[in-house]
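Structure first, commentary second.
Only this structure's heavy atoms are used, side chains among them; waters, hydrogens and symmetry mates stay out.
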Amino acid sequence: MNLTHRPIYQKGAKPAKSKPIRDASRDATCQFAIPGVCTGDTQTVVGCHVSIPGMSAGMGQKNDDLFLIDGCADCHAVFDDRDAFAAAPIEWLDVLRAMMKSQQHRRSAGLILLAGE
């Protein structure tokens with residue numbers, strides 16, 4: 001369910017995928033940068049799908065590729081583990097900042113266009 005109290009994905013529905021959006025994470029900077037966790041290794045950065053329990057894709061499901069954050073392997077592991085995330089020095093506001101920076105990266109690369117641009 002989401003804020004409209006309707007499921008985002010109906011049973012059998014598939015999330016939107018985009019290879020260029022996913023590939024934009026390659027060699028990018030980790031936007032999570034979790035203190036004490038982040039390696040800073042751009043070679044391990046991948047697109048991490050944002051899922052908010054109860055609001056987005058269910059367990060084992062991915063959201064649309066629009067909701068990706070560039071994250072190194074170690075930060076991604078923390079972000080995907082609810083218990084590790086709860087114990088890490090990161091909050092949901094940090095996740096929002098990381099997603100905004102990742103989307104800005106894709107927009108500057110011409111992968112996200114706003115109507116009228």
Side-chain angles (χ1 to χ4, degrees):
M1 295 289 194
N2 59 22
L3 296 176
T4 65
H5 301 289
R6 287 185 233 139
I8 290 178
Y9 295 109
Q10 299 298 325
K11 187 174 182 178
K14 302 279 187 204
K17 294 182 181 179
S18 168
K19 184 169 176 16
I21 291 284
R22 287 181 182 214
D23 288 349
S25 295
R26 189 173 297 128
D27 297 324
T29 301
C30 178
Q31 297 302 333
F32 285 116
I34 301 172
V37 174
C38 188
T39 64
D41 183 0
T42 59
Q43 293 190 16
T44 69
V45 173
V46 295
C48 311
H49 286 87
V50 176
S51 291
I52 299 173
M55 289 186 63
S56 56
M59 200 74 139
Q61 295 176 315
K62 301 286 186 196
N63 262 325
D64 292 343
D65 285 349
L66 179 62
F67 306 110
L68 286 177
I69 296 173
D70 298 330
C72 72
D74 290 3
C75 287
H76 190 185
V78 168
F79 185 63
D80 278 352
D81 182 324
R82 289 184 189 173
D83 293 332
F85 180 81
I90 187 171
E91 299 178 4
W92 280 106
L93 188 58
D94 299 312
V95 173
L96 177 59
R97 176 197 48 77
M99 190 167 77
M100 289 174 71
K101 290 180 86 174
S102 296
Q103 287 182 340
Q104 286 172 332
H105 170 239
R106 283 159 179 74
R107 186 169 174 227
S108 67
L111 298 171
I112 296 176
L113 301 175
L114 301 179
E117 284 190 315

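Test Asp80, Asp64, Asn63, Asp65 against His49 for side-chain hydrogen bond (donor to acceptor under 3.5 Å, both in side chains) and you get one pass: Asp65.
Across Ala24 and Leu111, no two heavy atoms sit closer than the pair CB-CD1, 3.7 Å. Nearest heavy atoms, Ala98 versus Gln31: CB-O, 3.4 Å. Closest heavy-atom contact between Ser102 and Leu68: CB-O, 3.6 Å. The two atoms that bring Asp81 and Asp83 nearest to each other are OD1-N, 3.0 Å, heavy atoms only. Contact detail for Phe32 and Gly71: the closest heavy-atom pair is CD1-CA, 3.9 Å. Taking every heavy atom of both residues into account, Leu66 and Gln103 meet most closely at O-NE2, 3.1 Å.
From Asp41, atom CG reaches atom OG1 of Thr29 across 11.0 Å, with rounding to the nearest 0.5 Å. Residue Leu113 holds its CG atom at 8.5 Å from CZ of Arg107, rounded to the nearest 0.5 Å. We find the CG-CZ distance between Asp23 and Arg106 to be 9.5 Å, quoted to the nearest 0.5 Å.
Classified by interplanar angle (parallel below 30°, tilted 30° to 60°, perpendicular above 60°), the ring pair Phe85/Trp92 is tilted.
Cys38 is not listed as a side-chain neighbour of Asp74, based on a closest heavy-atom distance of 4.5 Å or more. Taking the side chain as every heavy atom from C-beta outward, Asp27 and Gln43 approach each other to under 4.5 Å. Looking only at side-chain heavy atoms (C-beta outward), Phe79 and Val95 come within less than 4.5 Å of each other. Looking only at side-chain heavy atoms (C-beta outward), Thr44 and His76 stay at 4.5 Å or farther from each other.
With 3.5 Å as the limit, one finds a donor-acceptor pair spanning the side chains of Ser25 and Asp70.
Phe67 and Val45 are assigned to two separate hydrophobic clusters, defined by single-linkage of ILVMFWY side chains at heavy-atom distances under 4.5 Å. Linking ILVMFWY residues whenever their side-chain heavy atoms come closer than 4.5 Å, directly or via other members, leaves Met99 and Leu93 in distinct clusters. Residues Val46 and Ile21 fall into different hydrophobic clusters, defined by Ile, Leu, Val, Met, Phe, Trp and Tyr side chains chained together at heavy-atom separations under 4.5 Å.
Heavy atoms from other residues, nucleotides or ligands lying under 6.0 Å from CZ of Arg26 number 12 at most.
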